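Shown next, in structure tokens, is the structure this report addresses.
All chains are named by letter (A, B, ...) in the order of the sequence lines, taking the proteins before the strands, and each is independently numbered beginning at 1. Just so it is clear, the structure is predicted and the values come from calculations on it, not from any experiment.
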Protein chains: 2
Amino acid sequence: MSQEVSARSSRGEQTRRAIVAAALRLFRENGYEATTMRAIAKEAGVATGNAYYYYGSKEELIQEFYVRNQAEHAAACRQVLAEQTGLAARISGVLRALVDVQAPYHAFAATLYKHAAEPASPLSPFSKASSPTRNAAIGLYAEVIAGARIRVPASLRSRLPELLWLYSMGVVLYWAHDTSPGCQRTYQLIDSTAPVAERLVRMARLPGLRSLTRQLLSIAGGTLH
Amino acid sequence: MSQEVSARSSRGEQTRRAIVAAALRLFRENGYEATTMRAIAKEAGVATGNAYYYYGSKEELIQEFYVRNQAEHAAACRQVLAEQTGLAARISGVLRALVDVQAPYHAFAATLYKHAAEPASPLSPFSKASSPTRNAAIGLYAEVIAGARIRVPASLRSRLPELLWLYSMGVVLYWAHDTSPGCQRTYQLIDSTAPVAERLVRMARLPGLRSLTRQLLSIAGGTLH
DNA sequence: GTCTATAACACGATAGAC
DNA sequence: GTCTATCGTGTTATAGAC
């Protein structure tokens, strides 16, 4: 009761916040490897062992980065989703916002995806631990489609959000490798692929491509269960 | 002179081989993390410091895994490339061989791609350090195309080997995440996507798809320089 | 140049006392 | 919940033997 009410700003919760704040700041400034758990604990004003009481591992602290990012991305998309009605414009707007939001963490993100790539890791975007974040992201792409002036072929309708999410993962992977100034090449990639994506959606209905679409979807269905 | 001749089986080369053999065996049996440098050195019958004399880090030992794999894969493909003439059959044969060769290292490979995913890492398949292995692999896919009874549209010809290599990387990524018994799902993925790949190559020539093909290729061109 | 032996360091993570 | 002390790790350093 009163315990639960005060739980949000309880001492434990304060400590937790201090730890994650210190971690994210140090990660951004010094990168992942260079930031030691000892430094995080010291910066947060707690003992090393205490940091482990709240976060079972250094990697677990990264989940917080994901969660925060997803929230910031959703917020950064609002305007584009409210104003744009073309599918390509909505897609590129959302992807540009994704890159914008992560920009301050570019160097950090590069080292981060090292850990995300391990299939067994809870940090993998395909893992069970990531499913809340993943579902939130897929929901965002459902909104991208729903608000666009376009007739999505029935065959595609249910799966298109997942496919757009997969597409966004590819963009993020590209971005992580992108060393061009200001990550121009990633923005170019977004601007050149978004119209193609819209075109592919429209073409999926053409008679000559129907069976191909069906084939590709059944493969994707098996992959993303 | 005589120094160089005997260099191949010199004491140093023997030690080197002993270390890498011990490392790969322990990696396969116990995984990457569980295998310590101390254990590798002990298994190879050398001092810990000596292992570091030959391999600057634990990760460097993984490059040997790549090199060995590439060679085994090329050998495993010979029969398929000699016998099959259909593009889809050649592709699926080569990809099946790729999975077959790596099968004993499935669990190990899953933890390995953690390191490969880091853009800055020399283990990244896109890195400069990996370019010999990558070029050898791309050359293999050039052979896949050259020996197939198919007319590849001029627009595609120069870039298709790279694209097939990229496709193979996707299959390997899927395989690393595949937990189905015997990795059946990966084999299914190969068998269902290879015919689609052939179909896409044939369709690239159709008038309605020409401009789309050109668009997609210019994107891929920017990506893979 | 090749190799051994041994010690030491900083790190991620854990145990157990308070 | 919080601490201190400690473990096992990758890695480096040193000093020297063949």
Side-chain angles (χ1 to χ4, degrees), chain A residues 3-4 6-24 26-27 30-65 108 111-112 114-115 118 120-123, chain B residues 1-24 26-27 30-65 108 111-112 114-115 118 121-123:
Chain A
Q3 243 185 347
E4 284 182 13
S6 65
R8 301 195 181 174
S9 56
S10 71
R11 188 133 162 268
E13 205 54 34
Q14 274 182 304
T15 308
R16 198 180 197 92
R17 265 199 280 268
I19 292 168
V20 70
L24 290 184
L26 291 176
F27 283 158
N30 311 324
Y32 181 74
E33 308 256 294
T35 302
T36 70
M37 285 299 278
R38 285 166 176 84
I40 293 171
K42 196 173 185 180
E43 187 83 0
V46 300
T48 313
N50 202 11
Y52 278 100
Y53 176 81
Y54 288 100
Y55 292 94
S57 71
K58 197 178 171 183
E59 292 197 1
E60 232 172 75
L61 280 162
I62 299 181
Q63 285 283 9
E64 298 289 336
F65 173 77
F108 168 54
T111 72
L112 179 149
K114 162 176 183 168
H115 300 265
E118 196 177 17
S121 165
L123 268 60
Chain B
M1 324 297 175
S2 71
Q3 243 183 348
E4 283 182 14
V5 170
S6 64
R8 302 197 180 175
S9 55
S10 71
R11 191 132 165 267
E13 204 55 34
Q14 275 182 305
T15 308
R16 199 179 195 89
R17 264 200 280 270
I19 292 168
V20 70
L24 290 183
L26 291 176
F27 283 157
N30 310 325
Y32 181 74
E33 308 257 293
T35 302
T36 71
M37 286 299 278
R38 288 169 177 82
I40 293 171
K42 194 173 185 179
E43 186 84 2
V46 301
T48 313
N50 202 13
Y52 277 100
Y53 177 80
Y54 287 101
Y55 292 94
S57 72
K58 196 178 173 185
E59 291 198 359
E60 232 172 76
L61 281 162
I62 299 182
Q63 285 282 12
E64 298 289 335
F65 173 76
F108 168 53
T111 71
L112 179 148
K114 162 176 183 166
H115 301 267
E118 195 177 17
S121 165
L123 269 59

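- L26(A) is listed as a side-chain neighbour of E43(A), based on a closest heavy-atom distance under 4.5 Å.
- The side chain of A47(B) approaches dA5(C) more closely than any other nucleotide in the set dG10(D), dA5(C), dT2(D).
- Atom pair K42(A):NZ and dT4(D):C1' shows a separation of 16 Å (rounding to whole Å applied).
- A donor-acceptor contact shorter than 3.5 Å links the side chain of Q63(A) to the backbone of P122(A).
- For I19(B) and dT4(C), the CD1 to P distance is 8 Å, given to the nearest whole Å.
- An OP1 or OP2 oxygen of dC3(D) is reached within less than 4.0 angstrom by a side-chain nitrogen or oxygen of N50(A).
- Atom P of nucleotide dC9(C) and atom CZ of R38(A) are separated by 14 Å, given to the nearest angstrom.
- Atom OH in Y52(B) sits roughly 18 Å away from atom P in dA7(C) (whole-Å rounding).
- The nearest whole Å value for the distance from the CG atom in N30(A) to the P atom in dC11(C) is 12 Å.
- The OH-P distance, from Y53(B) to dT11(D), rounds to 19 Å in whole Å.
- Closest-nucleotide positions on DNA chain C for Y32(A) and T15(B) were compared, and the one nearer the 5' end corresponds to T15(B).
- Rounding to the nearest 0.5 angstrom, the gap separating the CD1 atom in I40(B) from the CD1 atom in I19(B) is 9.0 Å.
- In this entry the distance linking CZ of R11(B) with C1' of dG1(C) reads 11 Å, nearest Å.
- The distance between atom CE of M37(A) and atom C1' of dT14(C), rounded to the nearest whole Å, is 12 Å.
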* Asked: For Y55(A) and E64(A), what are the C-alpha separation, side-chain angles and deciding distance, and is it a side chain to side chain contact (heavy atoms under 4.5 Å, CB included)?
  -> CA-CA 10 Å; Y55(A) 292 94; E64(A) 298 289 336; 3.3 Å; yes

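- In this structure, of dT11(D), dG1(D), dA13(C), it is dT11(D) that holds the atom nearest to the side chain of K58(B).
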